[in-house]
Amino acid sequence: MNVTTGLAISRHRDYTGAKIGMWVFLLTELLLFGGMFLLYSVYRTTHAEDFHYAAQELNTLVGTMNTLILLTSSLTMVLSVATMHAARRKTAIGLLVLTIVLGIWFLVNKYFEWGAKFEHGLYPNSEFLLQHAKGEILFYGLYFSMTGLHGLHVLVGVILLTVTAFKTAKRPYEEVVFGGENAAAMAGARLALVDASGNRLWASDTIDDSVEKVSVRLKYLSVPRRVRKEDYALLENAGLYWHLVDIIWIFLFPLFYLIT
Amino acid sequence: MANHAITAGSFYQAKRYPGILGWVLSTDHKRIGILYLVSMLSFFLVGMTLGFLMRLELIAPGKQIVEAQTYNALFTLHGVIMIFLFVIPGLSASFGNFFLPLQIGAGDVAFPRLNLLSWWIFIAGAVLAVVAMFTGSGPPDTGWTFYAPYSLRTGTNVVLAVFAVFVLGFSSILTGINFITTIHRMRAPGMGWFRMPLFVWSLYATAWMQVLATPVVGINLLLIMAERLFGIGVFDPAKGGDPILYQHLFWIYSHPAVYIMILPAMGVISEIMPVFARRTIFGYKFIAFSSLAIAALGSLVWGHHMFVSGQSYAANTIFSLLTMLVAIPSAVKVFNWLATLYKGSIVLEAPLLYAMSFIFLFTIGGLSGMMIGVLSFDVHVHDTYFIVGHFHYVMFGGMGMAFFGALHYWFPKMFGRMYNKRTARIAWAHILVGFNVLYFPFFVLGWQGMPRRYYDYLPQYHTPHLISTIGSWILIAGILMMLTNLVRALKKGEIATGNPWGGTTLEWTTPSPPPVENFAEVPQVEHGPYEYGGAASK
């Protein structure tokens, strides 16, 4: 008996589709931040001098450190994808965890950096800030909202990478399911594994009316010839997201910390 | 909802969970499409009721039924509900979800679970919008545009309402991503780009706009929230912020949003015309590319909402010019539809009647749009009823009529039953007449100087306001008649065949309602979408 199941396997495994979806999503993220960069450029032009003074208050050392941390995390991220393609699962997971740790480190730094600003009375709508020139109020309004939104993205990225780490730690599998009429047609039969010389290695129970569906799960060993990029679309997409978060910081850093 | 019109093997029978869970947890694009349809029609009825109350208040000068503050809340909620819960997701989320995979010969959309998630997010946004109405310090009274600085100052519940809109935008983005990927990756073998039905083309153009424009308003609304919660100052003039920048960011999304609404509507018309004229569509490629042209040009015209906001004269002139240019691809479509009817074997059923009223009303809406795109004219009618008349003709006369048309066109496919065709035509006549009696006086009122969003008016405006309110009754009677007819048909209508209208696109090759996997075998596409034979087809 022939049962065609090719469709059932390939249906949710569209690697290119997953990549297209992710890239389009990244585009929306760029536009989300784009709105803020637009505001920044307008206010920077109209209040150039105030921005100049306000920027001197920011801690360039912490900013530089965070830039280095994020850049390194992008490196570990891309290495994680590369080692996974080379079927070195444990190394890949290790590198992924390292990326997560670096992301958390970035957030901790950010926490202390913001905390110090708050201690000096420097936060949106604070009395201290409102005494300053309008351009400085705008600078800090933008600083807190832009780095805040970016920090939120780092947090989401850390969560996403954690989920990815758990999912990638499992071996990929494909499942062929015979359900409905196909399962009914199998009534009374058994499934068996047979070796080359015809010996039965394993056999299932008889499939009777109580069987709703028959599922064959193919789990892949982590050896190079079994590694297909299709199985790691999530890892690659999580990596893409992480790089985007990194790239946005690459622009935030000079715009707020370096241009004074 | 689940028990009507069950035919053997339809997707209504294939349920993984019992009862309502079989709907709200299903990743079948057809079920999700119907979920959207039912939820959006409910919101439409709420929005319609709010509009009805507004018209009732305006039936005569002075206070009639509500206080001024309540009236402000009414027009804000009417706008928010109609725009964000009905018109923007409208056709693409409901009929798009149901028919995009069917029309391209696919089993589902590219990301079925993401699709379900976007419906959940949509409902979450809707719930937030409702909660914003009843909690905090009163329903928002800013108008649907949430213009700063008033939205920063008003004591009403703006934060929650703005967040609701942000959440709804997120749902829209996810649907857009899903559709783009689906159209790129899931077309049946042989279905090249120029064999896609035109509804699919319009969904494709729409999806790109959803994806590119929505994040901009998203960040803008987040900043309004941050402004109210933390006082960051970016839109607050007292702290150096510029409210005009809010308007820019708002319209960078919200003008393309107009085309997000109208493009799928145009797609529906392009489907209905060839089927009921029994003739291949005239100028297929022109219609397809005009969708993309509208999407591209429509993204560059937002400044025409700000002619009197203190934009530079140069910017005004450029935006005015670009606004005029959008008329070209729109007119290309209108002429092609009319040319499709020419020498066709016309079958005058409800879907075609709605499609033709779309063309009539959209032309009035579009041409009045050209008028207010003219700088000198706009200065006079800006923020008057003329504007309100214009966008009701475009949105309701355009998107609304196409939505009703789509409902009548695809109803037998979706539910496996046919409605009473005669009642459908009578309801259509009420809707068309009521619509014009309701909204045409707006042009007159605006021309005479009646400002929009006003609770009260001078006695000289009484007659047009009175006529308009009477029109609202005719319109609502027509809509209720239409919906009753359809709901009745769910249980009592004749059983519909697989292809009751003689359509040639792939969805009509499936049984009505379609089975859960859509196509028993992957269809092989060998010709264009509207092949009716004869010399006219290519």
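Per chain, numbering begins at 1; letters A, B, ... match sequence-line order.
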Please classify the contact of [X] with chain B as side chain, backbone, both or neither, using a heavy-atom distance under 4.5 Å.
| X | result |
| --- | --- |
| A:L27 | side chain |
| A:L129 | neither |
| A:L130 | side chain |
| A:T28 | both |
| A:Y43 | side chain |

TODO: Start with the C-alpha gap between B:I219 and A:L39, add the side-chain angles, then the distance that decides, and say whether side-chain contact (heavy atoms from CB on, under 4.5 Å) holds.
DONE: CA-CA 11 Å; B:I219 192 65; A:L39 290 179; over 6 Å; no
Task: Side chain, backbone, both or neither of B:I173 within contact of chain A (heavy atoms, under 4.5 Å) - done: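 Contact with chain A involves the side chain of B:I173 alone.
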Task: Under 4.5 Å from any heavy atom of chain A - which part of B:A14 - done: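 Contact with chain A involves no heavy atom of B:A14 at all.
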Just wondering, more than 12 heavy atoms not from [X] lying within 6.0 Å of its [atom1]?
| X | atom1 | value |
| --- | --- | --- |
| A:Y111 | OH | no |
| A:W114 | CH2 | yes |
| A:F144 | CZ | yes |
| A:Q56 | CD | yes |
| B:F230 | CZ | no |
| A:F256 | CZ | yes |

Going from [atom1] on [X] to [atom2] on [Y], what distance comes out if it is rounded to the nearest 0.5 angstrom?
| X | Y | atom1 | atom2 | result |
| --- | --- | --- | --- | --- |
| B:E227 | A:S145 | CD | OG | 9.0 Å |
| A:F25 | B:L114 | CZ | CG | 9.5 Å |
| A:M36 | B:L223 | CE | CG | 4.5 Å |

Of all the heavy-atom pairs spanning [X] and [Y], show the shortest one and how long it is.
| X | Y | value |
| --- | --- | --- |
| B:P215 | A:L32 | O-CD1, 3.4 Å |
| A:L138 | B:K239 | CG-O, 3.9 Å |
| A:I20 | B:T181 | CG2-OG1, 4.0 Å |

Task: Most chain A-contacting option - heavy-atom pairs closer than 4.5 Å, from B:R185, B:H248, B:H184 - done: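 Maximum pair count with chain A is reached by B:R185.
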Task: Pick from B:N178, B:D242, B:V217, B:I252 with the largest number of heavy-atom pairs that fall under 4.5 Å of chain A - done: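 Maximum pair count with chain A is reached by B:D242.
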- [ ] In sequence, state the C-alpha distance, the side-chain angles, and the governing distance for A:Y140 and B:I232, and then conclude on side-chain contact (heavy atoms from CB on, under 4.5 Å).
- [x] CA-CA 8 Å; A:Y140 278 100; B:I232 53 170; over 6 Å; no
Task: B:W208 and A:V24: CA distance, side-chain angles, deciding distance, side-chain contact (heavy atoms from CB on, under 4.5 Å) verdict - done: CA-CA 9 Å; B:W208 273 110; A:V24 176; 4.1 Å; yes
Task: Among the listed options A:M22, A:H47, A:K134, A:K19, the residue most often paired with chain B at heavy-atom distances under 4.5 Å - done: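 Max contact count across the listed options: A:K134.
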TODO: Start with the C-alpha gap between B:L245 and A:V42, add the side-chain angles, then the distance that decides, and say whether side-chain contact (heavy atoms from CB on, under 4.5 Å) holds.
DONE: CA-CA 9 Å; B:L245 276 176; A:V42 170; 3.7 Å; yes
